[in-house]
Amino acid sequence: MYITSSSASSLLRATRSKLSSSSSSISRTFSHHPSSSSSTSRTLSSSTAARSFCSSVPRWSHRFDWRSPFILRPQIRAVAPVIERFHRKIATMASENPFKGNLTSLPKPGGGEFGKFYSLPSLNDPRINRLPYSIRILLESAIRNCDSFQVTKEDVEKIIDWENSYTKQVEIPFKPARVLLQDFTGVPAVVDLACMRDAMNKLGGDSNKINPLVPVDLVVDHSVQVDVARSENAVQANMELEFQRNKERFAFLKWGSTAFRNMLVVPPGSGIVHQVNLEYLGRVVFNNEGLLYPDSVVGTDSHTTMIDGLGVAGWGVGGIEAEAAMLGQPMSMVLPGVVGFKLSGKLRDGVTATDLVLTVTQILRKHGVVGKFVEFYGDGMGKLSLADRATIANMSPEYGATMGFFPVDHVTLQYLKLTGRSDETVAMIESYLRANNMFVDYNEPQQDRAYSSYLELDLSDVEPCISGPKRPHDRVPLKEMKSDWHSCLDSKVGFKGFAIPKEAQGKFAKFDFHGQPAELKHGSVVIAAITSCTNTSNPSVMLGAGLVAKKAHELGLQVKPWVKTSLAPGSGVVTKYLLQSGLQKYLNEQGFHIVGFGCTTCIGNSGDLNESVASAISENDIVAAAVLSGNRNFEGRVHPLTRANYLASPPLVVAYALAGTVDIDFEKEPIGTGKDGKNVFLRDIWPSNEEIAEAVQSSVLPNMFRNTYEAITKGNPMWNQLQVPTDKLYSWDSNSTYIHEPPYFKNMTMDPPGAHGVKDAYCLLNFGDSITTDHISPAGSIHKDSPAAKYLLERGVDRKDFNSYGSRRGNDEVMARGTFANIRLVNKLLNGEVGAKTVHIPTGEKLYVFDAAMRYKSAGQATIVLAGAEYGSGSSRDWAAKGPMLLGVKAVIAKSFERIHRSNLVGMGIIPLCFKSGEDADTLGLTGHERYTIDLPSKISEIRPGQDVTVTTDNGKSFTCTVRFDTEVELEYFNHGGILPYVIRNLIKQ
């Protein structure tokens with residue numbers, strides 16, 4: 001299914017499917033760090049299955065002999081025949097690998113061997129020495145998986161010749177070692193797998209073929225909300241509410257963990273998926289029964305890139321793509337350019353990793369790195385902790401790159417030991433990476449590597465900053481924040497403007513807060529949240545926040561009670577070192593009690609504001625502010641009532657909470673008045689780098705990681721009490737408002753529907769630039785007057801039980817109604833009016849987007865969407881593609897697309913088209929009131945990736961667009977009506 005010398009052979013290969021996966025992905029997964037000295041992978045082949053069962057080594061034991069009782073046992077019963085078949089397939093594929101002569105032994109220092117590996121140096125090709133480290137991982141995967149069918153020697157040559165081939169948009173295959181899910185994206189993935197089993201069954205196929213063939217980990221972290229804050233009991237209270245709201249979803253996930261082989265569900269209350277991945281799941285190097293290879297992962301969350309900080313190649317994909325990868329389909333990707341980003345110097349005192357990542361994000365956004373890898377190198381690397389690197393890698397989606405990659409070096413090895421990986425495991429990792437030229441030793445002379453472009457940053461030039469008020473790459477130096485804020489108030493409505501009249505900028509809204517007089521003004525902070533794996537994985541900024549709280553408490557400063565403060569760590573380790581340091585009590589004094597272990601405010605689960613605060617904001621049209629240590633601050637995401645949202649380091653979150661406003665110059669204005677009556681400035685409560693380093697050294701200990709992850713899959717009483725059926729086919733409940741059988745395979749036959757154009761389509765929506773998946777996909781709370789609310793009320797769901805859209809992603813009826821339902825949506829058809837409505841062109845009526853779409857569908861009329869640049873930027877969300885498909889959208893015509901979203905549109909059978917350079921809807925005079933015809937051939941063999949197509953309108957306009965099917969395999973998905981029907985048909989044919 002990859003590009004070859006002729007389009008005919010490409011199409012032939014694209015229609016083939018081969019369920020058997022490579023040696024990196026075919027085995028049944030049980031143990032990551034078992035006691036056996038020769039194995040550090042989680043996988044078991046048939047040669048050790050009996051030993052493993054007899055010794056009761058649990059599936060997910062990374063370094064201890066403990067087990068996950070609700071996941072392990074049913075899988076053990078089912079695994080033996082599967083292992084046997086896969087073992088035979090491995091032997092067959094290994095004999096076919098033309099690079100088998102490059103298998104090399106990796107000796108242990110004390111005798112024996114760690115295992116064997118496919119050696120890059122043994123190829124004796126000088127081009128490999130110039131490859132970026134990130135490209136070497138793609139190369140190793142291609143060599144190891146080369147079977148002259150799914151991966152060919154021609155594919156290997158493309159990667160080796162990267163310096164010449166990356167500019168040609170060539171397609172390559174890639175097989176990730178594992179797949180990572182969180183519950184918001186994981187629920188629809190499991191729903192789709194369950195639905196695919198039903199479809200296989202109805203078409204006469206074997207439904208048991210629908211099973212993950214690579215290790216799949218799903219961490220439940222997106223469901224907890226900050227309902228209770230500023231309370232010692234907040235964690236328990238919020239978890240109880242989480243289970244009340246999500247019991248049905250959680251039971252479904254627990255069913256999935258037993259119904260599907262090779263799937264682990266990490267229960268609620270354990271941590272944030274990316275921090276768990278960094279601290280525990282990441283292997284760096286697999287040892288799969290003596291075959292060594294680099295860890296790699298794709299995840300259904302765009303911030304999967306955080307693992308790149310550990311030297312593990314990982315990035316976000318659509319859940320649709322991830323499902324195909326789970327089912328043994330190789331990933332097709334365009335060989336990316338790699339931006340080399342050289343770091344030098346070191347951060348100045350008082351500058352945090354958050355300041356650094358916001359600076360890097362702005363630099364890379366300006367440079368343009370969409371669809372590219374970014375690889376960091378240089379002398380400055382030794383001055384960055386692994387946690388600092390992970391912070392930068394985490395925000396790859398914000399600067400637009402596929403990956404922000406940090407090759408493994410001594411800092412990586414130190415972190416692996418800190419987080420409890422065994423000495424032998426770390427020794428194996430270092431030995432393998434050195435032997436395969438994938439390890440960076442900055443104590444040795446560095447050979448020049450080739451990059452597609454180069455950037456450089458002196459770390460000493462980074463200054464304290466925050467980003468906002470509406471986008472993560474709108475960095476504001478802290479010293480300029482006050483003037484920037486006033487500029488935002490003055491400027492017209494936009495990414496940096498609120499258009500508040502001068503005479504209204506100084507007004508105050510006075511109100512009563514629990515009997516205490518209170519007031520708000522423009523810029524008042526009403527939410528201050530230490531949240532998100534971006535920062536909670538970094539002990540230096542977390543302990544720094546604790547030190548700020550401590551110093552403020554000692555000087556007599558106190559956060560105002562109407563500021564909703566919260567602390568949501570990404571793992572239990574954070575709690576342990578905050579308690580060890582004695583700093584948690586000072587955070588509690590300022591209202592930053594731990595509220596739960598999940599994403600919370602960063603994904604919009606900020607909970608309600610106090611009614612008196614909410615009324616003061618709404619009734620006085622106050623531009624209220626939220627300050628959070630997250631990675632996203634798009635409008636409408638954090639909370640509907642906070643129009644200004646700023647990303648900041650955890651210490652600055654505490655500082656802004658204390659100040660109570662973003663309208664402050666920290667250098668010149670005091671945060672408050674101390675108990676001695678003197679002014680207290682930020683510099684008075686800001687810890688030195690030495691103080692922070694001392695706290696990290698004394699408080700962050702390896703046994704904290706070991707103890708936390710030893711118990712992670714034991715769950716909690718609420719999870720363990722969930723009762724689930726044992727059937728392999730899911731029994732859909734027609735009355736459920738959480739889990740609903742989707743209509744994707746309704747009336748599906750074995751014959752693909754074929755290619756098609758679009759005729760006389762109406763424009764459902766007409767957008768400008770930077771429409772994000774937060775605008776498109778249902779997210780956040782369900783508005784009381786929305787079509788989704790109407791649907792739930794009609795089914796007896798009380799308004800208080802609506803929950804969030806994210807929690808209802810398993811119900812297509814709710815999600816279709818919530819598509820394009822963002823209250824901040826700017827649709828040109830509404831002539832400046834903001835909201836979740838559109839104009840039904842035939843009648844001129846203003847309707848909710850869902851209602852207009854259903855009217856078009858009932859009349860048999862197709863629709864399209866017009867958009868500007870960066871359409872679909874933000875988090876990877878399946879429903880940003882599934883929703884429009886269910887609404888009847890046949891094509892999106894945009895200036896440019898975000899990488900994952902474009903892929904998701906293709907996966908759901910929607911045609912992505914790009915205007916030609918210099919053109920857009922405005923320059924072409926398109927209003928959205930026209931009807932559009934897209935002239936695509938009806939035979940898939942007549943369409944090629946990236947070809948030009950003609951679009952005409954009913955008023956005589958005609959223009960040329962580029963069709964953004966980027967690979968031959970994407971054309972095949974389109975031919976089948978989407979990726980999932982493609983997979984089902986090919987599995988049945990086998």
Side-chain angles (χ1 to χ4, degrees), residues 230 464-470 474 476-491 496-498 500 502 504-511 513 516-530 545 548-549 552 555-566 590-592 601 606 609-610 612-629 633 638-639 641-674 679-686:
R230 288 177 167 264
C465 58
I466 62 177
S467 280
K470 301 180 185 182
D474 289 332
V476 184
L478 204 59
K479 62 187 179 184
E480 299 172 14
M481 180 56 199
K482 188 178 180 73
S483 60
D484 189 84
W485 171 251
H486 284 275
S487 173
C488 288
L489 291 178
D490 291 335
S491 299
K496 294 287 289 185
F498 298 105
I500 303 299
K502 283 283 188 184
Q505 290 182 14
K507 76 173 181 180
F508 285 84
K510 298 184 180 295
F511 64 100
F513 184 82
Q516 178 180 351
E519 62 181 26
L520 297 176
K521 62 175 184 175
H522 296 303
S524 288
V525 174
V526 294
I527 292 176
I530 300 175
V548 169
L555 290 172
L557 298 186
Q558 189 71 38
V559 176
K560 295 291 191 294
W562 54 83
V563 180
K564 187 168 187 178
T565 45
S566 62
Q590 301 297 348
F592 288 94
T601 304
S606 48
L609 292 176
N610 180 272
S612 63
V613 175
S615 297
I617 295 170
S618 301
E619 293 169 6
N620 296 278
D621 197 26
I622 295 293
V623 182
V627 183
L628 64 151
S629 62
N633 57 340
V638 175
H639 193 282
L641 294 178
T642 57
R643 280 192 271 169
N645 302 281
Y646 287 93
L647 305 182
S649 66
L652 277 178
V653 171
V654 178
Y656 273 109
L658 288 161
T661 180
V662 296
D663 185 9
I664 184 173
D665 182 339
F666 278 132
E667 287 190 5
K668 300 176 181 177
E669 297 178 83
I671 287 179
T673 304
N679 286 337
V680 177
F681 291 83
L682 179 63
R683 56 182 172 269
D684 299 324
I685 60 173
W686 197 263

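Everything numeric in this text was worked out from a predicted model, so none of it was measured.
How far CG of Asp684 is from CD1 of Ile671: 8.0 Å, rounded to the nearest 0.5 Å. Annotation: the span from Leu658 atom CG to Leu652 atom CG amounts to 11.0 Å, rounded to 0.5 Å. Rounding to the nearest 0.5 angstrom, the gap separating the CG atom in Leu478 from the SG atom in Cys465 is 8.0 Å. Taking NZ of Lys564 as the start and CG of Asn610 as the end, the distance is 9.5 Å to the nearest 0.5 Å. A distance of 7.5 Å separates OH in Tyr656 from CD1 in Ile664, rounded to the nearest 0.5 Å. Atom CG of Leu628 and atom CG of Asn645 lie 7.0 Å apart (nearest 0.5 Å).
Across every non-hydrogen atom of Gln516 and Pro561, the tightest pair is OE1-CG, 3.6 Å. Scanning all heavy atoms of the two residues, the minimum distance from Thr642 to Val526 falls at CG2-CG2, 3.7 Å. Closest approach of Phe666 to Phe681, counting heavy atoms only: O-CD2, 4.2 Å. In terms of heavy atoms, Ala648 sits closest to Ile466 at CB-CG2, 3.6 Å. Val653 approaches Val627 most closely through the heavy-atom pair CG1-O, 3.9 Å. Taking every heavy atom of both residues into account, Ala545 and Ile530 meet most closely at CB-CD1, 4.0 Å.
Two residues are said to be in side-chain contact when any heavy atoms from C-beta on lie closer than 4.5 Å; Phe513 and Lys560 fail this criterion. Inter-residue side-chain proximity for Trp686 and Val548 is flagged as met; some heavy-atom pair is nearer than 4.5 Å. Side-chain contact between Glu519 and Trp562 is absent, with no heavy-atom pair separated by less than 4.5 Å. Residues Ile622 and Ser524 have side chains not in contact (no heavy-atom distance under 4.5 Å, counting atoms from C-beta outward). For the pair Phe511 and Val613, the minimum side-chain heavy-atom distance is below 4.5 Å.
Under a 3.5 Å cut-off, the side chain of Arg683 and the backbone N or O of Glu667 do form a donor-acceptor pair. Checked by atom type and distance alone, the side chain of His522 pairs as donor or acceptor with a backbone atom of Ala504 at under 3.5 Å. In this structure, the side chain of Gln590 engages the main chain of Leu557 through a donor-acceptor pair within 3.5 Å. A side-chain donor-acceptor contact under 3.5 Å links Lys496 to the backbone of Gly468. Side-chain atoms of Asn620 come within 3.5 Å of backbone N or O of Ala616 as a donor-acceptor pair. Judged by distance alone, with hydrogens and angles left aside, the side-chain atoms of Glu669 form a donor-acceptor pair with the main-chain N or O of Asp665 at under 3.5 Å. Under a 3.5 Å cut-off, the side chain of Arg643 and the backbone N or O of Pro469 do not form any donor-acceptor pair. Of the possible donor and acceptor atoms, none in the side chain of Ser467 sits under 3.5 Å from a partner among the backbone N and O of Leu647. At least one donor-acceptor pair under 3.5 Å links the side chain of Thr661 to the backbone N or O of Gly523.
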*Go through the steps for Asp663 and Lys482 under the test salt bridge (charged side-chain N to carboxylate O under 4.0 Å, His left out), then give the verdict.*
CA-CA 5 Å; Asp663 185 9; Lys482 188 178 180 73; 3.0 Å; yes
*Determine, step by step, whether Thr673 and Val680 satisfy the side chain to side chain contact (heavy atoms under 4.5 Å, CB included) criterion, reporting the C-alpha distance in whole Å, the side-chain angles of both residues, the deciding distance to 0.1 Å, and the verdict.*
CA-CA 6 Å; Thr673 304; Val680 177; over 6 Å; no
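The local environment of NZ in Lys479 is sparse, with at most 12 non-hydrogen atoms from other residues, nucleotides or ligands closer than 6.0 Å.
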